[in-house]
Amino acid sequence: MTTILKTENLTIRFGGHIAVDHINFEMPENQFKSIIGPNGAGKTTFFNLISGELKPTEGKVYFKDEDMIRFSSVDRTRKGLGRSFQITNVFPNLSVLENVRIAVQSKEKIRYQMIRHISKYTSLSQKAEELLGLVRLYSKKHVIASQLSHGEKRKLEIAMLLALDTEVLLLDEPTAGMSLEEVPAILEVIRRIKEQGNKTILLIEHKMDMILDLSDSIMVLFNGKVLADGTPIEIMQNEMVQNAYLGGLYDEHIAKS
Amino acid sequence: MTTKYQWNNIFLTIIVIVLFIFPFVTDSRTWTILLTQIFIFSILAMSYDILLGYTGIVSFGHAMFFGIGAYTTGVMLDRVEPTIGVFILSIVTGMIIAGIISFIVGLLTLRLKSHFYAMLTLALSGLFLVLTEKWRSLTSGNDGFTFRAPEVFKDRAVFYLVVLVCLVVTYILLRRFVQSPLGHILVAVRENEQRTKSLGFKVLHYKVIASVVAGVVASLAGALYAISLRFVNTSVLTMDITLDALLMTIIGGVGTLIGPIIGAGVIELSQHYLSGLAKEYPIFERWIIFFGILYILVVIFFPAGIVGTIRQAYYKRKKPHVVEGRSNSEDL
Amino acid sequence: MELLMNLTINGLATGMLIFLLAAGLTLIFGLMDVLNFAHGGLFAWGAFSSVWFYSLTESFVLAILGAILTGIILGFITEKLIIKPVYGNHVQQILITLGFMLVLTEMLKVVFGPNQIAAKTPAYFAGSWEIGDVIIIKYRVFIIVVGFLVFGIVQYILKKTKVGLIVRAGVMNKEMVQTLGININNVFLYVFIAGAVLASLGGALMAPYSGVIYAEMGMEFAILGFIVVVIGGMGSFPGSLLAAILVGLTGSYMAYYVPSLSLAVNMLIMAIVLIFRPQGLFRVKG
Amino acid sequence: TNSDTTEDTKDNEGKVPVSGTGEEGGTIKIGVLASLTGALESYGKQTQRGFDLGIEFATDGTMEVAGKKIEIVYEDTETKPEVAVQKATKLLEDDEVDFLVGSSSSGDTLAVLPLAEEYETIMVVEPAVADSITGAEFNPYIFRTSRNSSQDAVAGAAAIAKSGVKIATFAPDYSFGLDGVAAFKKAAEKLGAEIVLEEYADPAATDFTSNLQKVIQAKPDYLFVVWAGANSPWNQIADLKIQEKGIKISTGAPDIPALSTMEPLVGMEGFSVYYHTLPDNNVNDWLVEKHKEKFNGEVPDLFTPGGMSAAISIIEALKKSEGNADGNELIGIMEGMSFDTPKGTMTFREDDHQALQTLYSIKLEKQEGIDYPVPVLIRELSPEETEPPIQN
Amino acid sequence: MSTLLKVEDVHTYIGQYHILQGVNFQANEGEVSVLLGRNGAGKTTTLKTILGLTPATKGRVAFKGQEITKKQTHVIANNGIGYVPEDQGIFATLTVEENMKVAMRTEDEKTIGKQDYVLDLFPDLKIFWKKDGGLLSGGQKQMLAMARAFVGNNQLLLIDEPSKGLAPIVIEKVMEAIIDMKKHTTIVLVEQNFMMASRIGDTYTLLDDGETVQSGLMQDLIQDEQIKRKYLGIG
Ligand SMILES: Nc1ncnc2c1ncn2[C@@H]1O[C@H](COP(=O)(O)OP(=O)(O)OP(=O)(O)O)[C@@H](O)[C@H]1O
Ligand SMILES: Nc1ncnc2c1ncn2[C@@H]1O[C@H](COP(=O)(O)OP(=O)(O)OP(=O)(O)O)[C@@H](O)[C@H]1O
Ligand SMILES: [Mg+2]
Ligand SMILES: [Mg+2]
């Protein structure tokens, strides 16, 4: 299996605080990996370093063996590193459909065309509508994004990421605030993408059920360092992980199974 | 959707036709000149709308590009010869210079955030004004100079028609521009710059493109303005011009393209009528007070600008819980 | 040496005066993020009302108090009628405050007539001291003192009370602040009035400095104020003070050593500062 | 005539023929452009009052000349060139005026000049001062009753310059100041004076002390100040004790509101374009008296006599042409024409149509019961003495 | 047990949209009342309506027996209601300390005591005391939002999805804290995490399409598989 994403000694310091601390990490192609860890462990920051939102103080990021450090976040997205955001981050005054369409535009490389009317690009809207169907937001396609409820915004966020159709998907708590009823639907979407087998997925989540269900492997971050990395079972049984992160949840999990 | 789109187009076409016939059925030069003036400022305000309404950039230095157009045309007609050829050449030259300068200015300033950007554009255009003032051999400084317009423009009606054609063409091109895929990305930049970046768009490129387009169009407006006066001085570079463009855009409705045209009409006409009233009724001697109150009333009754607010009302009535009338709408 | 002293003292005094002009804007524009183009109008009203009170009472103190009163009244009216409906919306702010600026300026002409008016310096501040070749203009010393005083008082209030925090929080998220039990509308009103008072105080102190006031003076000085607030780093009082002194001193030295650039000096400073420090000199911090 | 006149006639077919020729109409219309709002409002209003009085005076109150009624239309240029052109066109086209008069700002005036030529209509420029109006931008339909910058400069020089005198100048850094100083320098040097320093400042600056420092260091005998606009350096000149250092200040006396800011300069010698007590002639007596009567006791100010002179020049020209208002006809009549104004006799110089006129060498004095320094006559500077160079 | 908050047939419009169309529920003193419902059901809007942020056009909200329906938000809040919004509402350029300071009505001993209590609960906040709120991690922001509501000395807390974004171990702590706080504070909770809701909730109210469809004791709901499946998609 080839490694698609790799970090070497990846480190970032904010003042005295080391948020990500010499992380060496390898991601095999078309795998599904989850990242867990306590709040403030550095998960989101780790994503920010991979996607280029932040520049590391030290260390390297490789995507398909290419050094990514000199590339901006824009270039990295274009090369195939797509991400969703932990805080909902959409275009508030555009309709749901337009939000997704912008993302499709990027995927289709329709970036600088300034003569033809956008409605002539019918495939854009079609693709966007398809994706909205996938995340169960089709009925709201003409609603202004700022009027969506919190959970609906999360779905929109996912649709936008899927629209980019990048090889690597970085998902930062995609289901936070999503209703119990909806979570399975989104899981289904993620599962289907996984099953297509041509996407590498990195997922940050705190919902253990979901992680155990989907992940090929799990990495645990703690204070910016890798505390453990392994299969779901290994991780669940790791005592350090239990103490630092899971707490009573582990007992519950045992009880359930 | 389509039918409404068509209705709008038919409506606009009728208005344009009426405006084209206008000089043939009336001989009021006042009206010809006033309308010409409105058309010219409409072009300027539309160019400003590309910045403010579509890309979300408040610039306090837009007069710079207007001035570049005005001076290029003025100087060339004065120094070379007042012919149509030179006139066209001067417009093109002005646009190229404005394009280059707006490109450089854009690169220099557009990395800055909101207020800081706005003030930096103010600074640069201020410096440009000083430069113009000091380059007296070319510009005659603050006094300015008069020049001859091409012979055909002596007939104001001909010039009126030329400006109207420019307005219509600019409007069509700019509408195309904002409704293109690129136009939609500009709106995305306005709405959420950081998110646009993470979708793989180079935000600075788009801002610079918007700034160049706006600069080039503003220079066209400046060139026409200079011809309409056959005179140019440093007033074309002052903050007042930028503020006029800003006000017209806001009054009409930002991000509507047609709004700035309405805004230009409202400002010029109300100015015309109010100052006219001043001669007849003593209470209107301080007509500027009423003019100021007009702005205040527009904000209260048309919070999204005239066109913007009407559009919102239209959407509310027609399609509840659907996209509210707003900027990049495909409907006009 | 004397020359340098002269240039420095005068530059410093001018800087302080500019700081006094900008102080109100630092609150209204820097802290509350309101693009108030009518600020110059408040400033001009301060100047005119102080001159009017002075001609009436012959007392400089009463003139200043009169200007402050004008600032309170105008600040109240402006916030309630003009600013309140447009918080958070820059586009509407620009339009409505520009409209109000026209009204304020024209009303000045209605009330005080269209002509420029001479502003007198009170006898005890008139004239200057000469120490060797160093000329110290008395009124400028007074301005420097008042400048530091105003800086100290405002800085004390912002540091020692939560007002500054509440305003910044309110600008970010008005609803959230309300749910914390704070009447943010009143806080904004009071801060705006404070800004208006500082504006009219600035106007009142400006009048004897230049010796002449006129209705159109507002816009000119408001732009200078905006420059200072922005290059100081929005909303930072120390930043505004520093920026104002920078503008004052540079203006003074440039006018002497590079006079051909003096037309451009303010814009030049702003361009240089912003190109090299895109956030202004100071970033607002706790 | 050129093609566009034919064009005009065609446009007006079916209507009353262009009254520009003035043959059929029983009225003569005069359009006056002035800044009636904005920063130059007080200048505009002075012109307006003066012009009204001037017509009244010149027609002996009949408001008629050569059997034709005089009608005046005022338009506000708002000190914006484009509005000036708009209004001028309205006057020429819709009101079909026979004369244009104006305007308060040089910019507005320059923008309107080509229209006068296009419509072959006489334009009497008042009170704009830019040299280029009767210089580089001159056209034959332009006549100017106001003095130009050069005349000011010559008068200024005449008041103080003589051989061996060292002069420093101080002026705002834009056309008005630069032209003013250039003209002054020429005139002063001709009189044998030496210009030791030329200082220019940002007219909107808050602080002028740096510039004034330089003046102090140059140790001139005189500091000649060319200034316009509300923001003024007088206070700071006094604060720096320039006069106490033996440097005499000289400048043009402004209008009364601005004079009130010149208290610190009492004792200064300079020149004046007009102050109501300076000229000694019947026309001025009439003006002062009428003005007081009409405007509850106010006296005419700096540009009031200018407005009046413009009016008189038009009526005089019409009298000579027997009511013919045709522009081309009038050029010949007005060139070299002399007429009596509140400032004495003026003459339109044939070469550039600039009215040669009297200016006044004055001294500022404090006078009982007047709350501003009063310009007191030292001597009249005759039209010949203040004659500016021909620049067109 | 006395009723602290009562919401009766509340209707709310946002713009021209009729969002709440008859919400009924009550919160008893010393209890945790949970609002449940799918995305877009109107849970958040209900909390906002109680606070007067989106005022009710019809119906009645009473707090401590007093009608507060038409009162201004800050007045309602000062009656003793605290709020943890779903988007956390952190003041991004204010430090953690300043965020807390803005929330404190008084800086007396009692409040300081409360502050110490929450800082013990969320030690992260202590570590990043001088850091800008906007730079915190998602979970840390959630902690700060809750801490802010706690120090306000409120009788009633409206908490919108507190478990969102928190690590399991922290969720446990929050649950403990909420149970602990029940002694002196009444809580209205919006929660999607049914495990949490069912553990700490005393009563529940189920919203759908802006309407109350069911309410009762939490125990009963845990048993009622049909309802759970129909409205919550679990069971
Ligand atoms: N730009 C920044 N400046 C300073 N500190 C930062 C910045 N971004 C993150 N941090 C700090 O780095 C640490 C890691 O943050 P990060 O957002 O990566 O956590 P996380 O693992 O995603 O947590 P959560 O699960 O709560 O989202 C936190 O303590 C946070 O306060
Ligand atoms: N500003 C608004 N304008 C128009 N509609 C809105 C607005 N805010 C919310 N809505 C709509 O009101 C409905 C209820 O929203 P609310 O936020 O109360 O849902 P919720 O139950 O909290 O959902 P979630 O669990 O996703 O947070 C949603 O359908 C939403 O689209
Ligand atoms: Mg995170
Ligand atoms: Mg919600």
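Just so we're on the same page: letters track the sequence lines, and every chain starts at 1.
Scanning all heavy atoms of the two residues, the minimum distance from D:Lys214 to C:Tyr256 falls at NZ-O, 2.8 Å. The heavy-atom pair separating C:Val212 from D:Ser232 by the smallest distance is CG1-OG, 3.6 Å. Considering all non-hydrogen atoms of both residues, D:Ala204 and C:Glu220 come closest at CB-OE1, 4.0 Å. Residues C:Gln116 and D:Pro257 approach most closely at O-CB, 3.7 Å, considering heavy atoms. Nearest approach of D:Glu199 to C:Pro259, heavy atoms of both residues: OE1-CB, 4.4 Å.
Side-chain contact between C:Thr121 and D:Asn235 is present, with heavy atoms from C-beta onward closer than 4.5 Å. Between D:Gln236 and C:Arg140 the shortest side-chain heavy-atom distance falls below 4.5 Å. Looking at heavy atoms from C-beta onward, C:Met254 lies out of side-chain contact with D:Asp202 at the 4.5 angstrom threshold. D:Ser210 is not listed as a side-chain neighbour of C:Asn6, based on a closest heavy-atom distance of 4.5 Å or more.
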(request) Apply side chain to side chain contact (heavy atoms under 4.5 Å, CB included) to D:Asp207 and C:Leu17, showing your working. (result) CA-CA 10 Å; D:Asp207 186 26; C:Leu17 183 74; over 6 Å; no
(message) For a side chain to side chain contact (heavy atoms under 4.5 Å, CB included) check, start with the C-alpha distance between C:Ile137 and D:Thr209, then their side-chain angles and the critical distance, and finish with the verdict.
(response) CA-CA 10 Å; C:Ile137 302 172; D:Thr209 52; 4.2 Å; yes
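Neither the backbone nor the side chain of D:Ala238 has a heavy atom closer than 4.5 Å to any heavy atom of chain C. Heavy atoms of C:Ser252 lying under 4.5 Å from chain D belong to its backbone as well as its side chain.
Within a 6.0 Å radius of NZ in D:Lys219, other residues, nucleotides and ligands contribute 12 heavy atoms or fewer. In C:Lys138, the NZ atom is crowded: over 12 heavy atoms of neighbouring residues, nucleotides or ligands sit closer than 6.0 Å.
One finds the OH atom of C:Tyr209 at 9.5 Å from the CG atom of D:Asp239 (value rounded to the nearest 0.5 Å). Rounded to the nearest 0.5 angstrom, C:Ile18 CD1 and D:Thr206 OG1 are separated by 4.5 Å. C:Ile135 contributes atom CD1, which lies 9.5 Å from atom CG of D:Leu212 (distance to the nearest 0.5 angstrom). Remark: D:Ser42 OG to C:Lys109 NZ distance equals 8.5 Å, nearest 0.5 Å. Note that NZ of D:Lys241 is 5.0 Å distant from CD of C:Glu130, once rounded to the nearest 0.5 Å.
Most heavy-atom pairs under 4.5 Å with chain D, from the set C:Val265, C:Leu263, C:Ile213: that is C:Leu263. In terms of non-hydrogen atom pairs under 4.5 Å with chain C, the most contact-rich of D:Asn231, D:Ile256, D:Thr37 is D:Asn231.
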